[in-house]
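The next block holds one structure in the form of structure tokens; read it before the comments.
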Amino acid sequence: MAAKFKADSRRWLTLEYRPLELEKQIRDFWKNNKVAERLEKLREKSNFGVLGYVEGPPTLNGVPHVGHARGRVMKDLRYRWKSMQGYSVPFWAGWDCQGLPVELEVERRLGVKNKRELLEKVGEERFIAECKKTLMKYWREWFNADQKLGVFINQDKAYWTYRDEYIEREWRYLKRAWEQGLLGEGYYVVAYCPHCQTSLSNAEVGLGYEEVEDPSLYFRLKVSNAENEYFLVWTTMPFTIVTDMMLAVHPETEYAKVRVGNETLILVKQRVEAVMQKLQVENYKVTETVSGKELEGVKYEYPFKDSVPRQKELDQQPFVHTVVCEDFVDVSTATGVVHLAPGNGEDDFLAAQKRNVPIYVPFDDECRFTADAGEFAGLFARDADSKVVDILRKKGLLLSVETVRHEYPTCWRSHHKLIWLARREYFLWTNRVNERVVEAAEKVKYFYESPKNRFLSFLKEGKPWCISRERVWGAPLPIWVCQDCEHKTLVGSKKELLEKALEPPSEDFELHKPWVDRLTLKCDKCGGEMKREPFVLDTWHNSGACPFARFTDEEFEKYVPVDFLTEGIDQTRGWANTLLLEHVILTGKAEAPYKAFLYQGLAQDAKGRKMSKSLGNVLEANAVLEKQSADVFRFYTLWKCSPVDTINFDLQELRKRPYQVLGTLYHLHRFFMQNAEYDNFNPKAHTLQWARENKALKPADNWLLSRLQKTVKSYTEKLERCEFNLATAELEEFVVDVVSRQYVPMIRRDLWSDDPQTLQRRLAVYATLWQTLKTLVLLFNPITPFLSEFMHQKVYRELDHSSPESVNFKDWPQPEEALRDTKLEQAFGTLQTCVALVYSARQSAQLKRRWPLQKAVVTAPEQVQDALKSLEDVFLELANVKQVEYAEKLAAFDEKEWASASEGNLQVLLHTRRNESLLGEGLMRDLARRVQSLRKERGFTPTDIMEAVHLAELDQESMKLVEPYLAEMAELVRTKKVYLHKNRAEVKADWHEYKLDNKKVFVAIS
RNA sequence: GGGCCGGUGGCUCAGCAUGGCUAGAGCGUUCGGCUGAUAACCGAAAGGUCGAGAGUUCAAAUCUCUCCCGGCCCA
């Protein structure tokens, strides 16, 4: 038997959608044909326009998980889409290489416990070599994930933040800051582990919260120049009273003066009752209330003046040992009066810095009090707690001391309680350019309100930026200090450094510790020897320098400010911030280095829990993509929720609807290809215009084309607004509802025929589908690049050899307004409602859809009638009725004769009585259905033509009814002839039994 | 402890700005139907005190307040 269709299409388009195989093919295709490289060149040459881009560099200290993969998908989506629109985008990779996370990873691998051990046992040179090795290990993971995902980022042009050429340009940022007086030395409070003798990053502090025991101390401080009046204060860190400088109250809250015996205590009003109960004071009376503001400037007697002589000196300075107002004071716990120790707390420190109060930090590297702390000298900070309590008790200032258990940060390695210490550090005085920073940030487009507000409110805090770190693997701070005259100089480049160096560097010199530390310079001022400040730079400064550091001057001019960036919401205080600060300092302008910034929500597991190693619920991108299709993954991550929302990643869900949508798109192509190839459809000859000229287009085709234009427009707008979930939903609806569910059933019968008389009509349908599916494939390309490329190769280039070599070289579709027909769209909406009503009425009367009925009556307003009349052919076909009548007003009807269904002002009546001819046709279609399923079961393809179909053991009456329709049935099921038998014995065949309305029927085919 | 986001059928989400029809959609379940591109599709049913409480209002998922739970960021 000759097949209707050529074998070709089946070779390309397998029966099933098998994305993993298809994606492998396409990956190879891209690689072998250098598609990504050629795409970049093509858009560069076309000179259409440039959109700057700079890669937010992933830190190479871990493997990418699905959340990272989601981010990469959004970046790639934007790149492919904008490229198709014609823009040239420098989509070049970048890697964040330095910093504490990398160091810790290496320390762990080398089995080193702390910094001191590291320096003694391993040495800086080897340590740095190990850091570089680690980078490459993780880089491979990221590279593989990108390959699997189909991210077209250019790896050859990647920047690496540890390389000399990058660091040099980072130094130029610092030089600009130095020249403007925005870089300098100062103190800053950092979390410090006394055991490991190192400061910890914020992230590390977050790792180590534990429940610990601390003293809970209520004490009082006497108001100067007042009889028996005291502030009531609470603390869990008694030792900080040694470094106490001020008391803070909340300015807008009421404070109470409480009379107890002949003494007065001052505390926040709302806590009086609770605190008195706590202190077991029964007889007390609130004598007066004052606002926090009124307490400002009140001086108090610092209790340790005798024990700590230095404090006695400081007492003379403005603000010292007085009350200040601060918004951060929490009035809902304790007494609402907090004591400030600027050397031991960040808020305290900032409060002091604001008022130029000196920072008193009498500690050595091991957190022991120095000689400057008088009686406390030599004591480890936390060991001073009991001595402090003793002195307070002796002076009669102690009210209560007990033990509390509470959550407190500890060192995640040694589990020691952390201490907050002000240390000498280098700062960018970003507070001085804060206005410009905020102004710049306000001009940026964020797409969604909430991350925007979050970012702006963070920026408005305008804190100085501490950029120095006492670590090893980082870009060195390029400041040298004269050992004689203390003159400082900032070196702006490697060249400058080598020129000024007193001795030539070793051959393996690079811009890292320990090499840079070995170079000493000659002082310009006094000719003395200059040594480098031993710090490295905050790794955030390192990555924040990239818009300038990763480009040449020329490229920087061309690409920065970049057009669009997207990173996780956790980068609000990270990269988004440092990019902005450094750019404002570098340029001196109120300008961000990015015009738009999309913050992405983070990823959690299917149950909404944070992904963590301890829970064992981390979904690694490479492991997931080993088994899951990249296209389905990409579609899923974009479709599931808004990009700013947290995504609860569920592999089960991934395999359902997203797979179905892509599967449907795939099968639509298969359907199209099978038919179009058979009829020798030629897209160049059989264009839409040709079809229109030959009047071969029907309303269904025009409707589909109109809906397509609407989709192109709306989808593009949604991409523009970064509403990726709504954009993909638009595609989903078009593929599943519009094309597959609605259009295909309307044209199916036209295509089923192979009559040469109706060839023109079939070609017109192919022209419509060609245009529609081809456009869809382009729209899908940024989301599902593999499937789009596959279809481009196997369908569009197959039928049209002039098509470009890759789908990526095509242009983005523009909506054609001329094809839009909103009236027709409305009419089809009406049609679909009516058809649904017919189905509903059929169901209520138990009339199968395949049974033709004589008549339907539609009751509806005139406009609706007109719409339906214009589409009457389609209605009759879908409703499977012979004729339709219209009425404007609902008439009474006989329920025995009519089935009805209604919705709003629409009603449909179906004539339920069937004459012999209708019964016969219905029966024929029932039988045909059985034959079709048998055909499928027996492995016939849709196009095989069978020799004979045998039906047996129908009752007398049924045989008589179906007889006139056997020829039509033969055509319908594609057989040469249909034979009716009374008895199975009449012919030797492989009989199959079917039930048909509770009667048996036997079917055989050959 | 502070700030932000979220809590709507078994699951995933829409609706909330600007209060107003019987609170929707998809998945899942059950029954029925349809089907030679499809892992699809159509109809019906079951399933919701819209996190809890209070307030404003003729009317609250929607506005206000308080609280609870989950998440993120920061202390």
Side-chain angles (χ1 to χ4, degrees), chain A residues 9 13 15-17 191 202 205-206 209 327-334 345-347 406-407 409 420 448-451 453-455 457-458 461 568-574 599 601-602 604 606-610 639-642 644-648 650 652-653 655-675 725-726 729 732-733 735-737 739-742 744-745 748 751-752 769 832 835-844 846-851 878 880 901 904 925 928-929 931-933 935-937 940-944 972-974:
Chain A
S9 63
L13 298 167
L15 190 64
E16 287 166 75
Y17 169 46
N202 282 335
V205 174
Y209 274 81
D327 287 330
F328 65 76
V329 174
D330 177 11
V331 292
S332 64
T333 58
E346 192 181 9
D347 283 335
H406 64 155
E407 295 269 309
W420 305 88
Y448 292 87
E449 279 300 308
S450 102
N453 296 338
R454 186 168 161 160
F455 188 41
S457 65
F458 163 70
E461 290 175 20
I569 188 104
D570 53 335
Q571 297 298 321
T572 309
R573 286 160 188 261
Y599 288 106
L602 303 176
Q604 296 175 167
K607 291 174 187 161
R609 294 173 306 186
K610 189 178 181 172
W639 161 88
K640 156 118 181 169
C641 60
S642 152
V644 289
D645 285 344
T646 309
I647 186 170
N648 292 350
D650 186 349
Q652 302 298 322
E653 190 178 37
R655 283 189 280 261
K656 286 177 182 161
R657 186 71 173 174
Y659 180 91
Q660 185 197 322
V661 174
L662 304 194
T664 303
L665 181 62
Y666 179 91
H667 284 286
L668 282 168
H669 276 90
R670 219 176 101 79
F671 173 72
F672 164 76
M673 218 31 192
Q674 281 182 337
N675 289 284
N725 55 327
L726 303 181
E732 174 188 13
E733 193 209 342
V735 169
V736 174
D737 287 347
V739 188
S740 175
R741 219 183 74 205
Q742 295 171 13
V744 169
R748 183 172 264 144
L751 294 192
W752 186 245
L769 277 173
Q832 272 137 21
V835 169
L837 287 175
V838 169
Y839 293 159
S840 170
R842 274 179 177 270
Q843 173 134 2
S844 66
Q846 300 216 302
L847 295 164
K848 290 183 191 174
R849 204 187 300 177
R850 66 169 84 92
W851 293 349
L878 294 176
N880 196 16
R925 289 189 59 183
R929 169 77 197 117
V931 173
Q932 297 288 41
S933 67
R935 274 181 66 120
K936 197 172 190 177
E937 202 179 299
F940 284 87
T941 71
T943 53
D944 293 336
L972 195 62
V973 301
R974 292 231 160 91

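Proteins get letters first, then strands, A, B, ... in listed order; numbering begins at 1 in each.
- Spacing between atom CG of A:L662 and atom C1' of B:A37 amounts to 15 Å, rounded to whole angstrom units.
- Taking atom OH of A:Y599 as the reference point, atom P of B:C72 lies 19 Å away to the nearest angstrom.
- B:G53 and B:A40 are spaced 40 Å apart, taking the P atom of each and rounding to whole Å.
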Between A:L751 and A:F671, is the side chain to side chain contact (heavy atoms under 4.5 Å, CB included) condition met? List the steps.
CA-CA 10 Å; A:L751 294 192; A:F671 173 72; 3.8 Å; yes

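- Panel note: side chain A:D645, backbone A:G601; no donor-acceptor pair is recorded below 3.5 Å.
- In terms of polar N and O atoms assigned as donor or acceptor, the side chain of A:R748 comes within less than 3.5 Å of the base of B:A37 in a complementary pairing.
- No donor-acceptor distance shorter than 3.5 angstrom exists from the side chain of A:R850 to the backbone of A:A928, with no hydrogens or angles considered.
- When the C1' atom is compared between B:U8 and B:U62, the two are found 12 Å apart, to the nearest whole Å.
- Separation of the P atoms belonging to B:A61 and B:C34 is 42 Å when rounded to the nearest angstrom.
- With P as the reference atom, B:C50 and B:C58 are 22 Å apart, rounded to whole Å.
- If you check distances only, the side chain of A:S740 does reach the base of B:A37 with a donor-acceptor pair under 3.5 Å.
- Partner assigned to B:A61 is none, using Watson-Crick or G-U wobble distances below 3.5 angstrom.
- With rounding to whole Å, A:L668 atom CG is found 11 Å from B:U38 atom P.
- Within the nucleic acid shown, A:V744 comes within 4.0 Å of at least one base atom, counting heavy atoms only.
- Candidate nucleotides B:C13, B:C72, B:A40 were compared by shortest atom distance to the side chain of A:K640, and B:C13 ranks first.
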Checking side chain to side chain contact (heavy atoms under 4.5 Å, CB included) for the pair A:W639/A:R657: CA distance, chi angles, key distance, verdict?
CA-CA 10 Å; A:W639 161 88; A:R657 186 71 173 174; 3.6 Å; yes

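- Listed candidates were B:A37, B:A14, B:C41. Nearest to the side chain of A:R741 is B:C41.
- Counting only heavy atoms from C-beta on, A:F671 has its side chain closest to B:A37 among B:G71, B:A37, B:C34.
- B:A59 and B:G19 have their P atoms separated by 15 Å, given to the nearest Å.
- Contacts of A:L602 with the nucleic acid, taken as non-hydrogen atoms under 4.0 Å apart, involve only primed sugar atoms and P, OP1 or OP2.
- A:E346 places its CD atom 12 Å from the P atom of B:C74, with the value rounded to the nearest Å.
- The nucleotide B:G6 finds its pairing partner in B:C69, both defining distances of the Watson-Crick or G-U wobble pair being shorter than 3.5 Å.
- Checking side-chain atoms of A:K640 against main-chain N and O of A:N725 turns up no donor-acceptor pair under 3.5 Å.
- Residue A:E732 is the one, among A:Y659 and A:E732, whose nearest nucleotide of RNA chain B lies closer to the 5' end (criterion: closest heavy atom).
- Remark: B:G26 base-pairs with B:C11. Criterion, Watson-Crick or G-U wobble with two distances under 3.5 Å.
- Rounded to whole Å, the P atom of B:C27 lies 41 Å from the corresponding atom of B:C67.
- In the set B:A37, B:A14, B:A39, B:A39 carries the atom at the smallest distance from any side-chain atom of A:Q660.
- Rounded to whole Å, the separation between the P atoms of B:C21 and B:U66 comes to 28 Å.
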Would A:V644 and A:I569 count as a side chain to side chain contact (heavy atoms under 4.5 Å, CB included) if you check the C-alpha gap in whole Å, the side-chain angles of each, and the deciding distance to 0.1 Å?
CA-CA 8 Å; A:V644 289; A:I569 188 104; over 6 Å; no

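- Nucleotide B:A40 holds its P atom 18 Å from the CD atom of A:Q742, rounded to whole Å.
- Closest to the side chain of A:R929, from the set B:U35, B:C42, B:A40, is B:U35.
- Where A:P745 and A:W639 each meet RNA chain B at their nearest nucleotide, the meeting point lying more 5' is that of A:W639.
- Atom P of B:G1 sits at a distance of 32 Å from the matching atom of B:A17, rounded to the whole Å.
- For A:R670 and B:A40, the CZ to C1' distance is 14 Å, given to the nearest whole Å.
- B:C50: no Watson-Crick or G-U partner with both key distances under 3.5 Å is found in any strand.
- Of the N and O atoms on the side chains of A:W420 and A:E346, not one donor lies less than 3.5 Å from an acceptor on the other residue.
- Candidate nucleotides B:C34, B:U38, B:G26 were compared by shortest atom distance to the side chain of A:R850, and B:C34 ranks first.
- Nucleotide B:C21: unpaired (no Watson-Crick or G-U wobble partner with both distances less than 3.5 Å).
- Using N1 to N3 plus N6-O4 or O6-N4 for Watson-Crick, or N1-O2 and O6-N3 for G-U wobble, each under 3.5 Å, B:C41 pairs with B:G33.
- The distance from atom CG of A:D645 to atom P of B:G6 is 8 Å, rounded to the nearest whole Å.
- Across all non-hydrogen atoms, the minimal contact from A:R741 to A:D737 is NH1-OD1, 2.8 Å.
- Residue contacts shown for A:F672 are absent, as no nucleic acid heavy atom lies under 4.0 Å away.
- With B:A75, B:A40, B:U35 as the choices, the nucleotide that has an atom nearest any side-chain atom of A:R925 turns out to be B:U35.
- For A:R657, the listed nucleotide lying nearest its side chain is B:G26; candidates were B:C42, B:A37, B:G26.
- Atom CZ of A:R842 and atom P of B:A44 are 16 Å apart (whole Å).
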